[in-house]
Amino acid sequence: MQIKVDMGGALRKTAALAKVPQAAKKQLTRWGANAVKDLKREAAGMKRSGSGRKTGQLARSIGMSMPDRTLVVGTNLQKQTDVKYARIQDEGGVIKARNKKYLTIPL
């Protein structure tokens, strides 16, 4: 007895399935890049009220990373511009006065 099996269709489908993670990563990268671009544009366009100085350093620190197939958009991810207060803004934390007894917030 002789049995013949055509595996061509199964191999094509398997090859197509193997490309799904690559396509998903490419799409996530595209979405992340667009999100970063939009966030930087929004942050750069914000006007500072009062006499404070707006440098744009926080806006420039916005970036993206993709550890473990998860898209993360935030500040200080690429370590290009390390902004110390960005982590507090993203995750929360305690802010203390450096040179005075109390922290002054201009209103």
Side-chain angles (χ1 to χ4, degrees):
M1 179 182 344
Q2 188 177 26
I3 299 175
K4 291 185 180 182
V5 178
D6 182 15
M7 296 291 291
L11 291 175
R12 283 191 297 276
K13 288 179 183 179
T14 304
L17 286 175
K19 292 181 182 180
V20 169
Q22 295 170 347
K25 184 175 181 179
K26 185 176 180 180
Q27 188 63 39
L28 277 175
T29 303
R30 187 178 303 135
W31 287 340
N34 287 336
V36 167
K37 183 175 68 174
D38 291 343
L39 285 170
K40 284 185 176 189
R41 189 178 326 130
E42 285 283 326
M46 291 180 181
K47 301 291 183 197
R48 167 70 82 152
S49 60
S51 62
R53 185 172 69 124
K54 184 174 185 302
T55 63
Q57 186 177 6
L58 184 61
R60 286 189 301 275
S61 74
I62 297 171
M64 68 172 228
S65 68
M66 207 175 325
D68 302 325
R69 298 180 186 170
T70 303
L71 176 65
V72 179
V73 176
T75 54
N76 288 346
L77 295 174
Q78 297 174 337
K79 301 295 182 195
Q80 293 172 347
T81 57
D82 189 24
V83 180
K84 293 178 182 177
Y85 56 87
R87 184 186 57 77
I88 291 177
Q89 183 170 338
D90 283 348
E91 302 170 6
V94 177
I95 302 172
K96 296 181 181 178
R98 293 187 303 186
N99 301 325
K100 308 272 183 187
K101 187 174 181 181
Y102 297 105
L103 180 67
T104 305
I105 302 172
L107 300 174

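- Within the structure, the salt bridge (Lys or Arg N to Asp or Glu O under 4.0 Å) test picks out the following pairs touching residues 10-39 (sequence neighbours left out): Asp38-Arg41.
- Residues Val73 and Ala35 come closest through the heavy atom pair CG2-CB, 4.4 Å.
- Taking all atoms of both residues into account, the shortest heavy-atom contact from Met66 to Thr29 is CE-OG1, 3.0 Å.
- Open room surrounds CD on Glu42; 12 or fewer heavy atoms of other groups in view lie less than 6.0 Å from it.
- Between atom CE of residue Met64 and atom CG of residue Leu28 there is a gap of 8.5 Å, rounded to the nearest 0.5 Å.
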